[in-house]
J.: 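Have a look at this one before I ask anything.
Treat the numbers as computed from the prediction; the structure is a model and nothing was measured.
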Amino acid sequence: MTTDRTPTNKNLPGQGKRPEAAARLGNLPGIIERISQTVDEETAAIRAGGDFDLKTSNARKSRYLYELTRATKGIEDAELLSEHRAGIERLREKLASNEAAIRAHMSAVGEIAALMQDVIQRAETDGTYTAGEFGGRP
């Protein structure tokens, strides 16, 4: 009696050529979901304008990016990645929305800082000895 030692997983989706890559990609939906939740929470908090711990959020995003990088490292097989295309595209959209919220927030912070700087400069001087008072350039 002979035993067949052919792997039984060769007909499973994502198995065959690179079983180690398929195993790593098996974690991809969970990683994408964690990143999506973190980005959604950050975007909502920034838009709400409340107290938000940016440092903690950045640490979480960095950890999940590391996981994502490890899960996809060395994978060039478009077929394996195409299984996750919809999740990756949703994440891309969420990241674009997050970026827009961050840019708007940073722009507002810049405007407030400029206003504060102007107020401080005006408060520090009464205008007595400025060049502008004598018809020159301030």
J.: Take atom CZ in Arg63; do more than 12 heavy atoms of anything else shown fall under 6.0 Å from it?
T.: yes

J.: Any chance you could measure Phe52, atom CZ, to Arg47, atom CZ, to the nearest 0.5 Å?
T.: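 One gets 12.5 Å once the value is rounded to the nearest 0.5 Å.
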
J.: Between Ile32 and Gly87, which heavy-atom pair has the shortest distance, and what is it?
T.: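 Where Ile32 meets Gly87 most closely, the heavy atoms are CG2-O, 3.6 Å.
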
J.: Quick check: does any side chain N or O of Ser62 sit under 3.5 Å from a backbone N or O of Asn58, one acting as donor and the other as acceptor?
T.: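 Between the backbone of Asn58 and the side chain of Ser62 there is a qualifying donor-acceptor contact (under 3.5 Å).
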
J.: So if you build clusters from Ile, Leu, Val, Met, Phe, Trp, Tyr with side-chain heavy-atom gaps below 4.5 Å, do Leu54 and Val39 land together?
T.: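 Cluster IDs for Leu54 and Val39 differ.
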
J.: After noting the C-alpha distance and the side-chain angles of Ser57 and Asp53, does the key distance pass the side-chain contact (heavy atoms from CB on, under 4.5 Å) rule?
T.: CA-CA 6 Å; Ser57 181; Asp53 188 354; over 6 Å; no

J.: In Å and rounded to the nearest 0.5 Å, what is the NZ to CD distance from Lys94 to Gln37?
T.: 8.5 Å

J.: Under 3.5 Å, is there a donor-acceptor pair between the side chain of Ser107 and the main chain of Arg103?
T.: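 Judged by distance alone, no pair lies under 3.5 Å.
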
J.: To the nearest 0.5 Å, tell me how far Glu93 CD sits from Asn98 CG.
T.: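 Rounded to the nearest 0.5 Å, the CD-CG separation comes out at 13.5 Å.
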
J.: Which distance, rounded to the nearest 0.5 Å, do you find between the CG of Leu95 and the OG1 of Thr43?
T.: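 Those atoms lie 8.0 Å apart.
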
J.: Please check if Ile35 and Ile88 belong to a single hydrophobic cluster, counting links between Ile, Leu, Val, Met, Phe, Trp and Tyr side chain heavy atoms closer than 4.5 Å.
T.: yes

J.: Can you tell me how far the NE2 atom of His105 sits from the CD1 atom of Ile46, to the nearest 0.5 Å?
T.: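 One finds 6.5 Å between NE2 of His105 and CD1 of Ile46.
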
J.: Do you know which two heavy atoms are closest between Tyr64 and Ile31, and how far apart they sit?
T.: O-CG2, 3.9 Å

J.: For the residue pair Leu28 and Leu68, establish whether any side-chain heavy-atom pair is separated by less than 4.5 Å.
T.: yes

J.: Salt-bridged, Lys61 to Glu42, with N to O below 4.0 Å?
T.: yes

